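Notes follow once the structure below has been shown.
Not measured: the values here are computed from a predicted model.
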2 protein chains.
Amino acid sequence: MPVTLPDDLVQPDGGRIVLLVMDGLGGLPPVGSDGRTELESAKTPNLDRIAKRAALGLHVPVMHGVAPGSGPGHLALFGYDPIRYNIGRGVLSALGVGFELARGDIAVRLNFATIDGDGIVIDRRAGRPPDEENRRLVARLREGVTAPADVQVFFESEKEHRAVLVLRGKGLNADVTDTDPQETGVPPARAVALDAASQRTAEVLDAVLGSAFRVLAGEERANAILARGIDAYHDYPTFRERFRLNALAIARYPMYRGVARLVGMETHPVQESDAASVAALADAFAEYDFHFIHFKAMDSRGEDGDFEAKVEAIEAVDALIPDIADLEPDVLIVTGDHSTPATLRSHSWHPVPIMIASNWCRPDAKAKFGESACRQGELGIFPAMSIMSLALAHAGRLAKFGA
Amino acid sequence: MPVTLPDDLVQPDGGRIVLLVMDGLGGLPPVGSDGRTELESAKTPNLDRIAKRAALGLHVPVMHGVAPGSGPGHLALFGYDPIRYNIGRGVLSALGVGFELARGDIAVRLNFATIDGDGIVIDRRAGRPPDEENRRLVARLREGVTAPADVQVFFESEKEHRAVLVLRGKGLNADVTDTDPQETGVPPARAVALDAASQRTAEVLDAVLGSAFRVLAGEERANAILARGIDAYHDYPTFRERFRLNALAIARYPMYRGVARLVGMETHPVQESDAASVAALADAFAEYDFHFIHFKAMDSRGEDGDFEAKVEAIEAVDALIPDIADLEPDVLIVTGDHSTPATLRSHSWHPVPIMIASNWCRPDAKAKFGESACRQGELGIFPAMSIMSLALAHAGRLAKFGA
């Protein structure tokens with residue numbers, strides 16, 4: 001009998017799960033030292049208290065050696081194969097700015113760029129315009145760009161030189177090449193369909209971009225746009241369908257709310273502060289089976305290359321832990337979506353510390369939450385895709401497999 | 001060149017392997033404590049002596065978070081993918097009662113049930129009849145039920161309300177829905193074929209069940225039967241074909257002999273006691289390359305929720321170890337098919353302690369056989385499917401892969 005695990009084992013009832021994501025949590029000791037990582041350097045009495053009653057381990061978000069973006073990192077945490085469900089950059093950007101994508105929409109990441117009188121790209125980022133200038137340019141595009149009558153066109157600001165284009169219409173397919181040539185000194189490329197089903201999309205995109213070039217012709221710097229990451233918004237099986245979970249995402253940044261919406265979670269509008277996120281969790285706690293709560297600062301400070309600031313960001317989350325632990329979730333998972341070592345100033349491939357606290361662990365009284373302790377933990381080093389199986393198991397939500 | 005590992009590397013000769021399975025071996029400390037598991041609480045001087053010359057680790061039977069039944073748990077130990085070779089409940093029940101299934105047989109798990117005058121199910125277990133009553137009912141079915149002329153029908157007693165039906169005939173396929181509605185207050189469902197190839201099976205099953213209802217019509221409580229877990233007995237590649245091993249299973253319970261037969265092992269009829277099992281192993285030792293010996297009590301006491309009794313069951317197996325070690329198998333593997341923590345009173349998903357003793361280990365003189373030591377062991381936390389590869393390697397039965 002064919003079977004899909006863990007989905008086919010999921011029960012309708014069980015314990016309440018909190019998945020707490022400290023973005024970019026994993027780290028490295030300073031280069032050349034045998035010292036401690038950011039997490040191991042931080043004073044985290046509250047996380048350490050939970051570690052002593054938790055199962056510890058390290059998860060590999062995609063595969064050994066692969067540094068994931070935020071999209072794949074979170075999809076893996078949510079139990080979705082990040083390779084099979086590879087999200088195009090256009091879709092991620094649209095989700096990131098909070099655009100409500102509908103199934104079948106074609107999303108395209110845009111750069112404002114500068115071309116010279118011969119149509120040659122001389123700056124792929126149009127001098128990185130400030131966000132206010134970006135919004136003025138997008139307003140002009142919204143007003144002036146024309147498209148075929150049966151296609152709706154949406155432009156959205158992102159940041160600096162970045163914007164998003166969404167095409168909505170019947171019979172659009174996304175196998176279309178980028179117009180961004182990825183270098184200066186050449187003209188923008190034409191959008192080329194890679195299959196017959198995408199022919200119409202390439203034509204529409206060329207028409208829309210042509211119209212946009214005419215609208216922007218008088219601009220001093222942002223007189224062109226380059227398109228890339230063209231992708232369709234696909235039909236994902238939802239969290240409710242797969243895991244029978246009524247799930248809420250509490251994330252201050254639209255990108256993470258977007259990925260959560262991809263898998264059918266509801267999203268909370270809170271944005272003010274991490275403390276407000278925790279208050280939102282407490283308010284909504286009883287109404288959902290599953291809460292995803294996201295804290296961003298570790299990743300940002302890691303990308304800044306600021307070891308000490310990342311340590312402080314971790315300590316700031318630690319201070320919020322008691323208010324979460326007081327809610328007494330049946331299963332509390334603390335982890336990151338990937339590592340962002342300050343020494344590397346970027347997302348990295350290093351396995352990510354994780355702990356799963358429930359009544360059904362083999363605890364280690366000496367454990368502290370950190371990479372070294374997690375390496376010795378009962379979960380071992382395992383694929384992030386298994387986290388949801390473990391969460392469901394610890395919550396008593398999985399039936400036995402086979403007799 | 002396509003290659004299947006480890007199968008394509010297997011050599012015709014090598015050392016003798018004993019796979020000793022302590023059913024439900026893995027455990028948890030009492031809830032809320034950071035203390036010892038059942039195995040760590042047991043006094044096991046003989047197992048500990050072997051641990052000091054063994055490779056230790058933890059195996060994951062199916063996948064993280066998934067608690068396996070005995071079928072998948074043992075298939076994984078035997079090196080068979082438990083998801084690919086998913087066994088339907090009907091087949092497992094037939095194997096469990098010792099029925100000699102032939103390839104192509106359709107096996108069905110039956111419940112005796114009670115229906116009212118309108119044919120509505122009012123008790124899905126017919127008041128859990130005693131085993132003697134079950135055997136009387138099965139005798140009536142064997143005598144009275146009629147079937148199409150080209151189909152052989154077998155009924156077998158299991159326990160309480162459980163029985164097994166086997167259909168043997170040409171052109172039967174098993175994609176047929178259950179007639180057990182899984183709830184009371186509704187009539188039994190009809191058997192529905194999910195594909196054209198199973199149409200005939202659905203018709204035969206409906207005819208046999210109709211005949212059974214007429215036979216049981218006068219019974220006070222067990223006046224109906226409900227069918228589920230309908231599955232065909234498939235053709236498994238055998239242990240001899242895959243591993244060139246002449247294998248014997250010594251297991252007191254028919255379920256485990258059944259799973260061993262699935263993969264082509266011979267089975268020993270011993271049933272009296274665990275000591276008799278060890279004597280049988282000693283007697284047959286020289287005649288087989290591979291011995292699977294199974295001890296059940298750990299699992300039963302875990303399912304009872306009796307921590308101390310599980311500890312004693314483990315100690316009782318420990319007392320038998322010297323007689324097994326004295327046989328000097330080239331490879332001795334001690335493990336469980338899954339965890340059954342007394343605190344959970346059920347099979348669980350927790351990784352299972354394993355040790356592999358041979359001359360080719362990296363031993364740890366301080367090691368004792370238990371979850372904590374295994375977590376630190378040289379095997380790490382690894383899929384149960386790899387155990388047979390390791391067994392063959394330690395027995396000198398695997399050639400080098402590639403030049």
Over all heavy atoms of both residues, which pair between A:L379 and B:I381 is shortest? Give the atoms and the distance, please. C-CD1, 3.6 Å
What residue, out of B:P61, B:G73, B:S93, B:P68, has the most heavy-atom pairs lying under 4.5 Å from chain A? B:P68
Do A:K400 and B:S346 come close enough that some side-chain heavy atom pair is under 4.5 Å? no
Can you tell me how far the CG atom of A:D8 sits from the CG atom of B:N86, to the nearest 0.5 Å? 9.0 Å
Non-hydrogen side-chain atoms of B:R375 and A:Q376 separated by less than 4.5 Å: no
Drop me the distance from B:H347's NE2 to A:F401's CZ, to the nearest 0.5 angstrom. 13.5 Å
Using non-hydrogen atoms and a 4.5 Å limit, figure out which bit of B:H338 sits close to chain A: side chain, backbone, both or neither. neither
Ranked by heavy-atom pairs below 4.5 Å to chain B, first place among A:A399, A:G377, A:A391 goes to A:G377
I need the A:R362 CZ to B:C374 SG distance, nearest 0.5 Å. 9.0 Å
Nearest heavy-atom pair of A:A393 and B:G65: which atoms, and what distance? CB-O, 3.1 Å
Report which part of A:L392 has an atom under 4.5 Å of a heavy atom belonging to chain B: side chain, backbone, both, or neither. neither
Drop me the distance from A:W360's CH2 to B:L28's CG, to the nearest 0.5 angstrom. 8.0 Å
Less than 4.5 Å apart, side chain to side chain, heavy atoms only: is that true for B:I83 and A:V3? yes
Examine whether an atom of B:P341 lies under 4.5 Å from a heavy atom of chain A, and if so say whether it belongs to the side chain, the backbone or both; otherwise answer neither. neither
Heavy-atom donor-acceptor pair, B:H350 side chain to A:E378 backbone, under 3.5 Å: no
Taking everything shown except B:R124 itself, do over 12 heavy atoms lie less than 6.0 Å from its CZ? yes
Given A:P383, A:G380, A:C361, A:P6, the one with more heavy-atom pairs under 4.5 angstrom with chain B than any other is A:C361
